[in-house]
Amino acid sequence: NPDITEERLKATFDVDRFTEFYHGGLKRLKSRRKVERYLEEHAELRDIRPTPFMSRDELIDNSIRKLAGMAKFNEMIDLNDIEKTTYFLQMVHVRDSMPFSLHYLMFLPVLNSQASPEQLATWMPLALSGTVIGTYAQTEMGHGTNLSKLETTATYDPNTQEFILHTPTISGAKWWPGSLGKFCNHAIIVANLWTQGKCEGPHPFWVQIRDSETHEALKNVRLGDIGPKLSLNGSDNGYLIFDNFRIPRENMLMRHSKVLPDGTYVKPPHSKLAYGGMVFVRSMMVRDIANHLANAVTIATRYSAVRRQGEPVPGKGEVKILDYQTQQYRIFPYIAKAIAFRIAGEELQVIFREVSKQLKKGEASQLPDIHALSSGLKALVTFEVQQGIEQCRLACGGHGYSHASGIPELSAFSCGSCTYEGDNLVLMLQVAKYLTKAVTSPVASGICAYLHKKSSALQSAL
Amino acid sequence: SSHKTYSDLQIVQDFEHVTRRAVLQAMDKLKIASGTMPDAWNRCSVELSKAARWHIRLYIVRIVLSKISTAPEDLKPVLRTLAKLYIFDLQVSNKGHFMEEGYMSAQQIDELKEGIWDAMSTIRPDAVSIVDAFAIHEIELKSVLGRRDGNVYPGLMEWTKHSQLNEKDVPVAFDKYLAPIIKKL
């Protein structure tokens, strides 16, 4: 298309060098391109037809077909290279989700951070082999972010050395739109732990919920699908109810806290150690959601360079809509935001890796900082990305409403992120709580140091 | 200084000022409310969440400027223009906060607006190349409108071939429900 070629010839910078910077260096870019080539060479990993034309059943069928085929391509699944693995999965399933989405994104990372070395040795091979399809079930129908009020209980019985998982009310049913209801055979269940007559708060447990061979629900476990979602319909919208379901004591994830055979509870060295998994997921989310905005601005910008509309000077022909200042103001600030949010997401991952190293040494002093930062970034970025995608949709005129633009799918996917992994407003209030502590503490350091400074001038120096 | 010489340090100081003010105001309100009301936190929660948002904005502004300062020299101009567009737009859209107690004047806000229009004109010739540089593969983009080759309208006609509605000229539902009614009329 001559219009878009003309645009490319105008560039004032080296595009390849920008790409390298944006993707964090040549090594990461090469790994990314390797995945892309792999997908180009393996048609069986791609969609038979565009997914917006598929029904929910067809979408699930399509996801499973690609998933089953992926067993042959396990060279692309490498948990030592989480970046390459997640990009591969993202490229195979794009924004449709699939039964293994939460397995890789949450089940494995939480297992990795919360299971003891002995537990990891037993479970990780099963989880990696594909015989275990896992998800993470913390949320309940009636409870989200307020973990302390989760209704599901895990009561320790020292006589049998088992935990009894129980859902006391319908509002306590686990609800997780990440394949909990139909496709997973295991889940990490977060339940309030009771032992020796005392509630010790929410703890994670490794729980088998379906038979490994028949895939039927286990006795005293009731589970199913709630129904279609706005997006991510390649995975089911599951619910799960326990009726005094027994699991061995060893199924409690015991890296940080433990229950001994006699029922004695051993506290974690730091109360917030269990937040590591959440922080990891949010750190991934910020960058991924920024990427959705990058997708949307790419669509809106390219389309605006080929779409012509209006003829300001009669006889001179219609102009590219990208030349209108109003169109530029709709798109360009969001190009800038896509980059800003990506940088913030990348940095968050750097900090997360650093804090994880410290946690392994038992040092948890920075955990509240990164917990607050990841909560706030997740909340702000998901909300603003959602607004940005909407502006990009409007920038594409009527075609932006069509699935052919790709924008409805981006929009539907992204708006989910405003509520999953913590409702945005609740997260912002958690940040506020953290700030109240920083303000009132005698010394504030790191990202809160500015709170204890005085303004250097009464007026801006601008 | 003008928007062209508005330094990173000055920008960060201005955001720190506004954020600190938002946080401390919310805390003061909370402190007063705590003495009289049991649900003080709830009654201050809108301001508290807004203060939290400023804290995160400040973090992003700081980290973006810092990261760009380490970028390759030849990329700095385009990256700085994008960063300034993001920052100035944030300031102008929230000008009330920056103008409280005369910290910034209307003239300074106008200067920032000029910065936005300047940045947009500078970005315009680079816009397509910037989004190209995100290097989003067509498999991921899943968009006829955003296809790299720009052949949008032929692409849309290709797309129509996937529609099940086009498999038959007359839709089944028309034959089933509307045709009998039309025949009766």
Side-chain angles (χ1 to χ4, degrees), chain A residues 1 3-4 7-8 10-15 17-19 21-22 36 39 49-50 53 91 94 294-295 297-299 301-303 305-306 322 328 332-333 335-337 339-340 343-344 347 376-377 380 396 399 404-406 425 428-429 431-432 435-436 439 447 450-451 455-456 459-462, chain B residues 1 6 10 13-14 16-17 20 23 27 45 48-49 51-53 55-56 59-60 63-64 67 71-72 74-75 78 82 85-86 89 102-104 108 111 120 123-137 139-146 149-152 156 159 162-164:
Chain A
N1 181 295
D3 281 337
I4 207 154
E7 295 295 330
R8 291 186 173 124
K10 287 182 197 165
T12 63
F13 64 94
D14 184 328
V15 177
R17 274 174 68 75
F18 194 120
T19 305
F21 171 79
Y22 182 78
E36 289 163 2
L39 263 290
R49 66 173 192 280
F53 289 102
M91 286 290 280
V94 195
N295 272 263
V297 294
T298 300
I299 294 165
T301 306
R302 285 182 181 163
Y303 179 61
V306 298
L322 195 58
Q328 291 170 12
F332 293 176
I335 294 181
K337 278 191 183 182
I339 295 168
I343 290 172
E347 184 61 20
L377 275 173
L380 184 133
C396 293
H399 290 303
S405 69
L425 276 176
M428 277 303 181
L429 287 171
V431 178
L435 289 172
T436 58
V439 166
I447 60 168
Y450 73 93
L451 287 171
S455 288
S456 56
Q459 282 192 316
S460 166
L462 168 67
Chain B
S1 60
Y6 190 22
Q10 287 174 323
Q13 277 178 359
D14 289 348
E16 281 185 350
H17 170 84
R20 186 165 44 236
V23 172
M27 299 305 153
S45 55
L48 285 163
S49 59
R53 194 165 291 141
H55 173 72
I56 300 299
Y59 174 78
I60 296 175
I63 203 71
V64 165
K67 177 76 180 175
D74 56 331
L75 293 181
V78 63
L82 286 160
L85 175 58
Y86 167 60
D89 190 41
Y103 185 74
M104 271 192 178
Q108 286 172 310
E111 181 66 24
M120 290 209 317
I123 290 165
R124 167 63 188 91
D126 282 330
V128 168
S129 298
I130 294 168
V131 298
D132 280 351
F134 295 159
I136 298 168
H137 196 280
I139 292 175
E140 180 185 342
L141 205 58
K142 288 174 80 174
S143 172
V144 178
L145 261 62
D149 66 11
N151 293 326
V152 172
L156 280 173
W159 176 266
H162 298 289
S163 173
Q164 291 95 325

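Nothing here was measured: the structure is a model prediction, and the numbers come from that model. All heavy atoms count here, side chains included; hydrogens, waters and symmetry mates do not. Chain identifiers are assigned alphabetically (A, B, ...) following the order of the sequence lines, protein sequences preceding nucleic acid strands; residue numbering begins at 1 within each chain.
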Q: Below 4.5 Å from any heavy atom of chain B, which atoms of Val94(A) appear? Answer side chain, backbone, both or neither.
A: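 Just the side chain, heavy atoms under 4.5 Å.
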Q: So, using ring pair (Phe, Tyr, Trp, His ring centres under 6.0 Å) as the criterion, who are the partners of Tyr59(B) when residues are at least two apart?
A: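 Tyr59(B) satisfies ring pair (Phe, Tyr, Trp, His ring centres under 6.0 Å) with no residue once adjacent residues are dropped.
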Q: Looking at CG of Asp14(B) and OH of Tyr103(B), how far apart are the two atoms once the value is rounded to the nearest 0.5 Å?
A: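 OH of Tyr103(B) is found 3.5 Å from CG of Asp14(B).
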Q: Between Thr301(A), Asn295(A), Val306(A), which shows the greatest number of heavy-atom pairs under 4.5 Å with chain B?
A: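 Between Thr301(A), Asn295(A), Val306(A), the count favours Asn295(A).
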Q: Against chain A, work out which of Lys67(B), Glu111(B), Met27(B), His162(B) has the most heavy-atom pairs shorter than 4.5 Å and name it.
A: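 Of Lys67(B), Glu111(B), Met27(B), His162(B), His162(B) has the most heavy-atom pairs under 4.5 Å with chain A.
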Q: Measure the CD1-CD1 distance between Ile63(B) and Ile343(A) for me, rounded to the nearest 0.5 Å.
A: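 Answer for the CD1-CD1 pair, Ile63(B) versus Ile343(A), is 8.5 Å.
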Q: Non-hydrogen atoms of chain B under 4.5 Å away: do they reach the side chain of Tyr22(A), the backbone, both or neither?
A: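 Side chain of Tyr22(A) only, per the 4.5 Å heavy-atom cut-off to chain B.
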Q: Chain B heavy atoms under 4.5 Å from Leu380(A): which part of the residue, side chain, backbone, both or neither?
A: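 Leu380(A) touches chain B through side-chain heavy atoms alone.
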Q: What part of Ala71(B) gets closer than 4.5 Å to chain A, counting heavy atoms only: side chain, backbone, both or neither?
A: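 Both parts, heavy atoms under 4.5 Å.
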Q: Looking at chain A, which one of Val152(B), Leu156(B), Ile139(B) has the largest number of heavy-atom pairs inside 4.5 Å, strictly under?
A: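 Most heavy-atom pairs within the cutoff with chain A belong to Ile139(B).
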Q: Which one of Arg302(A), Met428(A), Glu36(A) has the most heavy-atom pairs closer than 4.5 Å to chain B?
A: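 Top count of heavy-atom pairs under 4.5 Å with chain B: Arg302(A).
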Q: Do Tyr6(B) and Gln108(B) come within less than 4.5 Å of each other through their side chains, counting heavy atoms only?
A: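 Tyr6(B) vs Gln108(B): side chains apart.
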Q: For residues Ser405(A) and Leu145(B), report the shortest heavy-atom separation together with the two atoms involved.
A: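 The answer is CB-CD2, 3.8 Å.
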Q: Does Phe134(B) reach the side chain of Leu141(B), with side-chain heavy atoms less than 4.5 Å apart?
A: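 Sidechains of Leu141(B) and Phe134(B): no contact.
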Q: Please determine, among Ala127(B), Pro125(B), Ser45(B), the option with the most heavy-atom pairs under 4.5 Å with chain A.
A: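 If we count pairs closer than 4.5 Å to chain A, Pro125(B) comes out on top.
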Q: How long is the gap from CD1 on Ile60(B) to NE2 on His55(B), to the nearest 0.5 Å?
A: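 Reported value, rounded in 0.5 Å steps: 10.5 Å.
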Q: When heavy-atom pairs shorter than 4.5 Å are enumerated against chain B, which of Cys396(A), Pro333(A), Ala305(A), Pro50(A) gives the highest number?
A: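 Top count of heavy-atom pairs under 4.5 Å with chain B: Pro50(A).
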Q: Minimum heavy-atom separation for Ala52(B) and Ala432(A), please, with both atom names.
A: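 Smallest interatomic distance, heavy atoms only, reads CB-N, 3.9 Å.
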Q: From Arg49(A) CZ over to Gln164(B) CD, what is the distance, rounded to the nearest 0.5 angstrom?
A: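 If we round to the nearest 0.5 Å, Arg49(A):CZ and Gln164(B):CD are 4.5 Å apart.
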Q: With only heavy atoms counted, which part of Ile339(A) is less than 4.5 Å from chain B, the side chain, the backbone, both or neither?
A: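 Side chain only.
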Q: Does any part of the side chain of Leu462(A), heavy atoms only, come nearer than 4.5 Å to the side chain of Gln10(B), both counted from C-beta?
A: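 Not touching, per the 4.5 Å side-chain cut-off.
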Q: Which region of Asp89(B), side chain (C-beta onward) or backbone (N, CA, C, O), has a non-hydrogen atom less than 4.5 Å from a non-hydrogen atom of chain A, or is it both or neither?
A: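 Side chain only.
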Q: For the interface with chain A, which of Leu82(B), Val144(B), Ile56(B) has the highest count of heavy-atom pairs at distances below 4.5 Å?
A: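 Heavy-atom pair counts peak at Ile56(B).
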Q: Looking only at heavy atoms and a cut-off of under 4.5 Å, which of Leu39(A), Val439(A), Thr436(A) has the most pairs with chain B?
A: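 Max contact count across the listed options: Thr436(A).
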Q: Checking heavy atoms, do the side chain of Val297(A), its backbone, both or neither come under 4.5 Å from chain B?
A: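 When you check distances to chain B, atoms from both the backbone and side chain of Val297(A) fall under 4.5 Å.
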